[in-house]
Every structure is written in structure tokens, then in C-alpha cells.
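Remember, predicted model here, so these are calculated numbers, not experimental data. First listed ligand is number 1; within each ligand, the first listed atom is number 1. We count residues from 1, following the sequence as given.
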Amino acid sequence: MPEWSVRRLHTVDDTQVDGLAGILIDCVEGGASVSFMHPLTRDRAVAFWRRVAQGVADGQRALLVAEDEQGLCGTVQLVLDLPENQPHRADVTKMLVHRRARRQGLGAALMRAAEDAARDCGRTLLVLDAVTHGDAARLYERLGWVRVGDIPDYALFPRGGLCSTTVYYRDIGR
Ligand SMILES: CC(C)(COP(=O)(O)OP(=O)(O)OC[C@H]1O[C@@H](n2cnc3c(N)ncnc32)[C@H](O)[C@@H]1OP(=O)(O)O)[C@@H](O)C(=O)NCCC(=O)NCCS
């Protein structure tokens with residue numbers, strides 16, 4: 001049995017912001033290309049999650065978290081505030097699993113929870129991107145996401161060096 005549980009947060013308190021900041025810092029420390037350069041200070045990570053918390057409070061984002069005996073250990077988000085001609089769509093972003101909790105099926109569980117949350121929000125088309133051929137790309141392909149294509153030199157790894165990104169979509173309406 002997994003030693004974590006996944007749930008959706010409708011409000012995010014300071015303790016949860018701190019736990020989410022810890023996950024983000026760990027992922028950047030581990031070399032993940034997730035918007036931030038290394039070293040990621042706790043202040044910057046907390047500022048990021050405070051903005052996310054505001055988006056959750058405003059209904060612009062759905063936030064899923066996973067928790068183990070040490071605290072929060074994984075997260076993923078749905079961006080819901082898209083243009084008015086895309087009411088059926090959401091972007092999936094910031095899929096992050098702390099290194100202590102990886103390779104136990106948590107990434108897959110978070111994505112299943114994100115898809116359930118998307119259905120609850122009336123969203124049937126999901127879009128994301130991931131570092132080409134990276135751990136996350138493998139996860140999404142295993143879960144049935146459709147590969148659209150690669151964008152070379154899209155972003156930097158946290159310690160420098162360009163990486164390609166691959167765009168995926170998934171129709172959960174069928
Ligand atoms: C990508 C990421 C979210 C995957 O999270 P995860 O919890 O390790 O994902 P899973 O456990 O579901 O799957 C990962 C691997 O573990 C394997 N696995 C799953 N359960 C397992 C188990 N019980 N025993 C052994 N292996 C297992 C899976 O088959 C998969 O193998 P693969 O990498 O060889 O394909 C995680 O690596 C991460 O946070 N990376 C850094 C941040 C990042 O890049 N995020 C993506 C942004 S798009």
C-alpha cells in the first residue's frame with residue numbers, strides 16, 4: 001500500500017505553502033526544469049506558492065497535493081483561467097514529486113487525481129508540456145497522453161543548458 005494520500009486543496013494555509021515550497025526547492029535542487037533556476041531560495045519559492053494559493057482562492061487553479069508521514073511530498077495543478085473560447089480546457093502544470101517519494105506510483109496517482117478534478121470542473125481537454133524524453137514525459141506517455149511535438153531549446157535546466165520540451169494533450173471527455 002502507498003504511504004501517501006492525494007487530495008485537492010480548496011484553500012492553502014501557510015504550513016501548506018511552506019511544504020509546497022520545500023517540494024519545489026527539492027525538485028530544482030534535483031535538476032528539474034520547472035521554471036526556476038538553481039539555487040531557488042525559500043523566499044522565492046514561498047512567493048510562488050503564495051501566488052498559486054491566491055489563484056486557488058480565486059478559482060483560477062485547482063491544486064492537488066500528496067502527503068506522507070513527513071508532510072507534503074507531491075503536487076500538481078490545473079490552470080482553469082483560460083480564454084472564454086476554451087471553457088472545456090485546462091492546462092496541467094507543476095507536477096512535482098519530492099525525491100523521497102519518487103518511483104512509487106505517486107506521479108501517476110497525482111495525474112489521475114488531476115484528471116478527476118478536471119472532470120469535476122467540467123474540463124475535458126488537458127494540455128501540458130514536459131522536458132523531452134525526461135522522467136515526466138515517460139510518465140505521461142505511459143498514462144496515454146498524446147504527443148503533439150517537440151520545441152527545441154525551449155528552456156534552461158536549473159544549472160544551465162537548454163532543453164527541448166514536448167507538448168502533450170489528453171481528451172478525458174470520451
Ligand atoms: C516526473 C515525476 C513527477 C514522476 O513522479 P513519480 O512519483 O516518480 O512517478 P511514478 O512513480 O508514477 O513513475 C515513475 C517511475 O517509477 C516506476 N514505478 C512506479 N511505481 C513503482 C513501484 N511501486 N516500484 C518500482 N517502480 C515504480 C514507474 O514505472 C516509472 O518508471 P520509469 O521512470 O522507468 O518510466 C518526478 O520524477 C518529478 O517530480 N520530477 C521532477 C519535477 C518534474 O520534472 N516535473 C515534471 C514537470 S512537466
Side-chain angles (χ1 to χ4, degrees), residues 1-9 16 19-42 44-45 48-49 51-52 55 61-80 82 89-118 123 125-170 172:
M1 286 293 288
E3 294 174 1
W4 32 257
S5 57
V6 175
R7 68 188 196 279
R8 181 173 170 187
L9 293 184
Q16 290 161 335
L20 289 162
I23 297 170
L24 181 59
I25 290 168
D26 179 74
C27 288
V28 171
E29 178 70 31
S33 178
V34 286
S35 307
F36 295 95
M37 299 303 289
H38 183 273
L40 175 58
T41 62
R42 185 155 286 270
R44 286 171 61 222
F48 169 77
W49 286 107
R51 289 194 296 276
V52 172
R61 287 174 184 247
L63 177 64
L64 288 302
V65 298
E67 190 159 20
D68 64 12
E69 72 287 345
Q70 295 179 56
L72 296 185
C73 60
T75 182
V76 68
Q77 291 170 52
L78 297 171
V79 177
L80 302 168
L82 296 179
R89 202 172 76 67
D91 289 326
V92 178
T93 185
K94 293 288 177 292
M95 163 74 87
L96 306 168
V97 173
H98 194 286
R99 284 177 290 181
R100 73 173 186 260
R102 288 189 194 165
R103 303 191 68 80
Q104 302 168 29
L106 178 49
L110 282 165
M111 186 55 91
R112 281 193 296 273
E115 291 181 6
D116 287 346
R123 308 298 167 115
L125 180 64
L126 304 180
V127 176
L128 60 74
D129 68 88
V131 171
T132 304
H133 302 313
D135 291 346
R138 234 176 13 261
L139 170 67
Y140 305 142
E141 291 187 14
R142 194 169 70 247
L143 295 177
W145 285 69
V146 180
R147 183 184 178 119
V148 178
D150 299 345
I151 306 174
D153 295 347
Y154 183 78
L156 292 168
F157 285 110
R159 292 178 178 80
L162 288 163
C163 59
S164 161
T165 200
T166 302
V167 178
Y168 294 89
Y169 76 89
R170 184 157 165 80
I172 59 169

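- Residue Phe48 qualifies as enclosed at atom CZ: its count of foreign heavy atoms under 6.0 Å is above 12.
- To the nearest 0.5 Å, atoms OG1 (Thr75) and CE (Met95) are separated by 9.0 Å.
- The shortest N or O to N or O distance between Gln104 and ligand 1 is below 3.5 Å.
- What sits closest to atom 17 (C) of ligand 1 on the protein, heavy atoms only, is Arg103 NH2, 4.2 Å.
- Between Arg7 and Glu67, at least one side-chain nitrogen of the basic residue sits less than 4.0 Å from a carboxylate oxygen of the acidic one, meeting the salt-bridge criterion.
- Looking at Trp4 against ligand 1, nothing comes within 4.0 Å, counting heavy atoms.
- Atom 22 (C) of ligand 1 is approached by the protein to below 4.0 angstrom, counting heavy atoms only.
- Between Arg138 and ligand 1, a contact under 3.5 Å exists for at least one N or O pair.
- Looking from atom 39 (O) of ligand 1 to the surrounding protein, the closest heavy atom is Val97 N, 2.8 Å.
- The backbone N or O of Glu29 sits less than 3.5 Å from a side-chain atom of Arg159, completing a donor-acceptor pair.
- The CG atom of Leu106 lies 9.5 Å from the OG atom of Ser5; values are rounded to the nearest 0.5 Å.
- The shortest N/O to N/O separation between Ala130 and ligand 1 does not fall below 3.5 Å.
- At the top of the distance list for atom 42 (C) of ligand 1, counting protein heavy atoms only, stands Ala32 CB, 3.5 Å.
- At a heavy-atom cutoff of 4.0 Å, ligand 1 is contacted by the backbone of Asp129 but not by its side chain.
- Atom CH2 of Trp4 is separated from atom CD of Gln70 by 15.0 Å, given to the nearest 0.5 angstrom.
- With a heavy-atom cut-off of 4.0 Å, Arg142 touches ligand 1 through its side chain alone.
- Val76 and Leu110 get closest at one heavy-atom pair: CG1-O, 3.7 Å.
- The Leu139 neighbourhood of ligand 1 comprises atoms 12 (O), with distances under 4.0 Å to a heavy atom of that residue.
- In terms of polar-atom proximity, Leu96 is not counted as a contact of ligand 1, lacking any N or O under 3.5 Å from an N or O of the ligand.
- Both the backbone and the side chain of Ala136 come within 4.0 Å of ligand 1, counting heavy atoms alone.
- Remark: of the listed residues Leu20, Val6, Leu96, Leu20 is the sole one forming a side chain to side chain contact (heavy atoms under 4.5 Å, CB included) with Val65.
- Of all protein heavy atoms, the one closest to atom 7 (O) of ligand 1 is Gly107 N, 2.8 Å.
- The OH atom of Tyr168 sits 10.0 Å away from the CG atom of Asp129 when rounded to the nearest 0.5 Å.
- With hydrogens and angles disregarded, no donor-acceptor distance shorter than 3.5 Å links the side chain of Thr166 to the backbone of Gly149.
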Item to check | Derivation of the salt bridge (Lys or Arg N to Asp or Glu O under 4.0 Å) call for Arg100 and Asp68 | outcome: CA-CA 10 Å; Arg100 73 173 186 260; Asp68 64 12; 2.9 Å; yes
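- The protein atom (non-hydrogen) at minimum distance from atom 12 (O) of ligand 1 is Ala108 N, 3.1 Å.
- Where the criterion is an N or O separation shorter than 3.5 Å, residue side chain and backbone included, Cys27 fails it with respect to ligand 1.
- Residue Leu106 has at least one heavy-atom neighbour below 4.0 Å for each of these atoms of ligand 1: 7 (O), 11 (O), 12 (O).
- Of the protein's non-hydrogen atoms, the one nearest atom 20 (N) of ligand 1 is Gly105 N, 3.2 Å.
- Side chain of Asp153 to backbone of Leu162: no donor-acceptor contact under 3.5 angstrom is found.
- Atom 43 (C) of ligand 1 has as its closest protein heavy atom Met95 O, 3.7 Å.
- When only non-hydrogen protein atoms are considered, atom 41 (C) of ligand 1 lies nearest to Arg102 NH2, 3.3 Å.
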